[in-house]
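Values below: every heavy atom of this structure, side chains too, minus hydrogens, waters and symmetry copies. Within every chain, numbering begins at 1; the chains are lettered A, B, ... in the order of the sequence lines, protein sequences first and strands thereafter.
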There are 2 protein chains.
Amino acid sequence: MAKRNVKSNVDMRETLLQLAARSFVTQGYTATTMRSLADQAGIEAASIYYHFSSKEELVEVVVAHGGDSIVLHIQEHLDALPPNASAETRFKAAVLGQMSALIKFGDYALAHGRLLAQLPDKAREGQVKRHEQNQRLWTQLLEGLRTEGMLRPDVDIALCRVFLLGCINSVQGWFNPRKGSLDQVAKQICGMFFEGVKPAAKARKVSRRAEAAASS
Amino acid sequence: MAKRNVKSNVDMRETLLQLAARSFVTQGYTATTMRSLADQAGIEAASIYYHFSSKEELVEVVVAHGGDSIVLHIQEHLDALPPNASAETRFKAAVLGQMSALIKFGDYALAHGRLLAQLPDKAREGQVKRHEQNQRLWTQLLEGLRTEGMLRPDVDIALCRVFLLGCINSVQGWFNPRKGSLDQVAKQICGMFFEGVKPAAKARKVSRRAEAAASS
DNA sequence: GTCTATAGATTGATAGAC
DNA sequence: GTCTATCAATCTATAGAC
């Protein structure tokens, strides 16, 4: 039994990153002060500069970590599929991948999505590329669907993308793992996306369990 | 030909509100300084305090204006319908209403959506109610659809709402009025929402003009 | 690795002249 | 209504002791 500090400093750098991610996301970049982060970590503001050279470096690391996590996590889900998987299968895997990345990497993932506009100029440029990379991945997945005849000719791919990402990214705000699985929510989203919400000519009965996963 | 200032001060209060809305949305609340607003308006920072008692009052007015505009604008669209309009008709009118509110009130509308979390505590409480009012309106519209049998029993209303609002709210970011009308985009969104993106058993040909309205 | 002390810049806001 | 001048508070960041 060694030390027992406020945060039982196993790794102060990691602690600071997590606190920073949460604060940047909830309070914003400028509103987050080095002092408040230090307070929460149980150290003095000046001590942060032993771990990070500046506030700018701190936010860069947070946002980069978030962006990388999402892209890599989706890629993992895609790589796990057989090479001849259909566009629809790949699409569904990506939906689940992006959702679970949001849950798993929480504030980091949100930081990447919400913080870009607030970043200092230098830091922003590098991150924008990461963001565009994610957008391109989704555009490709949607184009794959179109090639395989899974998209009506009149639906716009760019519109689909914002439609989907807006929905998926909101998951982090309301998902409650005790009430249902991510898998069920992902299925509901894909169902809504492909089939719409209108009943088919012949009404059908489906499990309502996925419904319980949304709290609000 | 009276005065001709930097902003030709017809109404400095209005000018300040518009600049503040834009800056709050793009830079965030804390990052927006009274000095930068004054610079853009062509006056000194101290002069702002003749029009507003504090930075806090300034952001309150901006966010309130945005929230009211959206709710009232949708309500206008709904009130223009005949009293016996179907839930589907009301729903489509609300989609167009929220979209055109976003375009018409631009930064004010975005401020209401994006700034809530950054507001000082006192200002936030009042605004949260306005936000919930908007959410309730959409929930009611969706419940109306369900009552009239336009929603499959397995689709979750809360999920529908985030799905829709995420999509609609993104409109402000990419809509280009020279490439198409809001009406066309609204139709596409409603089509996607009700019918999904999957081709029907029997493929059909539809106009692609709406596709051109999205730029990115 | 963390502390105390403090420099240097910027912020929201006030007082009073015009 | 807008200005000049200024205050008190707070911020990022550095220097150097321990």
Side-chain angles (χ1 to χ4, degrees), chain A residues 1-24 26-63 115 118-124, chain B residues 2-24 26-63 111 115 118-124:
Chain A
M1 202 171 285
K3 306 176 193 173
R4 53 176 81 186
N5 265 355
V6 179
K7 265 286 184 179
S8 81
N9 295 347
V10 234
D11 189 348
M12 179 56 72
R13 186 185 156 93
E14 199 63 29
T15 301
L16 286 171
L17 279 176
Q18 283 173 16
L19 291 170
R22 164 137 294 265
S23 181
F24 283 146
T26 55
Q27 319 284 327
Y29 174 71
T30 317
T32 298
T33 69
M34 301 301 256
R35 279 197 228 297
S36 76
L37 292 179
D39 281 352
Q40 296 173 66
I43 61 177
E44 290 300 311
S47 306
I48 298 181
Y49 291 88
Y50 171 81
H51 301 278
F52 303 93
S53 69
S54 67
K55 185 181 177 183
E56 213 163 306
E57 188 198 329
L58 189 48
V59 77
E60 268 187 44
V61 174
V62 166
V63 174
L115 234 60
Q118 301 180 39
L119 286 183
D121 287 357
K122 297 171 195 166
R124 183 167 56 242
Chain B
K3 306 174 192 173
R4 52 176 82 188
N5 266 355
V6 178
K7 264 284 181 178
S8 81
N9 294 347
V10 234
D11 189 348
M12 178 56 72
R13 186 186 155 90
E14 200 62 28
T15 302
L16 286 171
L17 279 176
Q18 282 173 19
L19 291 171
R22 165 136 293 267
S23 182
F24 284 146
T26 56
Q27 319 284 328
Y29 174 71
T30 318
T32 297
T33 68
M34 302 301 256
R35 279 174 172 75
S36 77
L37 293 178
D39 280 353
Q40 297 173 65
I43 61 177
E44 289 300 312
S47 306
I48 298 182
Y49 291 88
Y50 171 80
H51 302 278
F52 302 93
S53 69
S54 67
K55 186 181 178 184
E56 211 163 306
E57 187 198 329
L58 190 49
V59 77
E60 268 187 45
V61 174
V62 165
V63 174
L115 233 61
Q118 300 180 39
L119 287 182
D121 288 356
K122 297 170 195 167
R124 185 167 55 242

What is the distance, to the nearest angstrom, from the [atom1] atom on [X] to the [atom2] atom on [N]?
X	N	atom1	atom2	answer
F52(A)	dT12(D)	CZ	P	15 Å
Y50(B)	dC3(D)	OH	P	13 Å
H51(A)	dG1(C)	NE2	C1'	6 Å
D39(B)	dC3(D)	CG	P	11 Å

(request) Evaluate the side-chain proximity of F24(A) to V63(A): yes if any heavy-atom separation is below 4.5 Å, no if none is. (result)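 Side-chain contact under 4.5 Å: no.
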(request) Please name the pair of heavy atoms, one in K55(B) and one in Y29(B), separated by the smallest distance, quoted to 0.1 Å. (result)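 Looking at all heavy atoms of both residues, the shortest contact is NZ-O, 3.0 Å.
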(request) Looking only at non-hydrogen atoms, find the nearest pair between M12(B) and A41(B) and report the distance. (result)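 Closest heavy-atom pair between M12(B) and A41(B): CE-O, 3.9 Å.
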(request) Taking atom types as modelled, find out whether T30(A) and T30(B) have a side-chain donor-acceptor pair closer than 3.5 angstrom. (result)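 Distance-only check fails for T30(A) and T30(B).
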(request) Without swapping roles, check the side chain of R35(B) against the backbone of A45(B) for a donor-acceptor pair under 3.5 Å. (result)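 Checked: no pair found.
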(message) Treating T32(B) as the side-chain partner and S23(B) as the backbone partner, does any N or O pair qualify as donor plus acceptor under 3.5 Å?
(response)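 Yes; judged by distance alone, with no hydrogens or angles, the pair exists.
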(request) Scan nucleotides 4-18 of chain C nucleotide by nucleotide, 5' to 3', and note B when protein non-hydrogen atoms come under 4.0 Å of the base, S if they reach only the sugar-phosphate, - if neither. (result) BB-----BBBB----
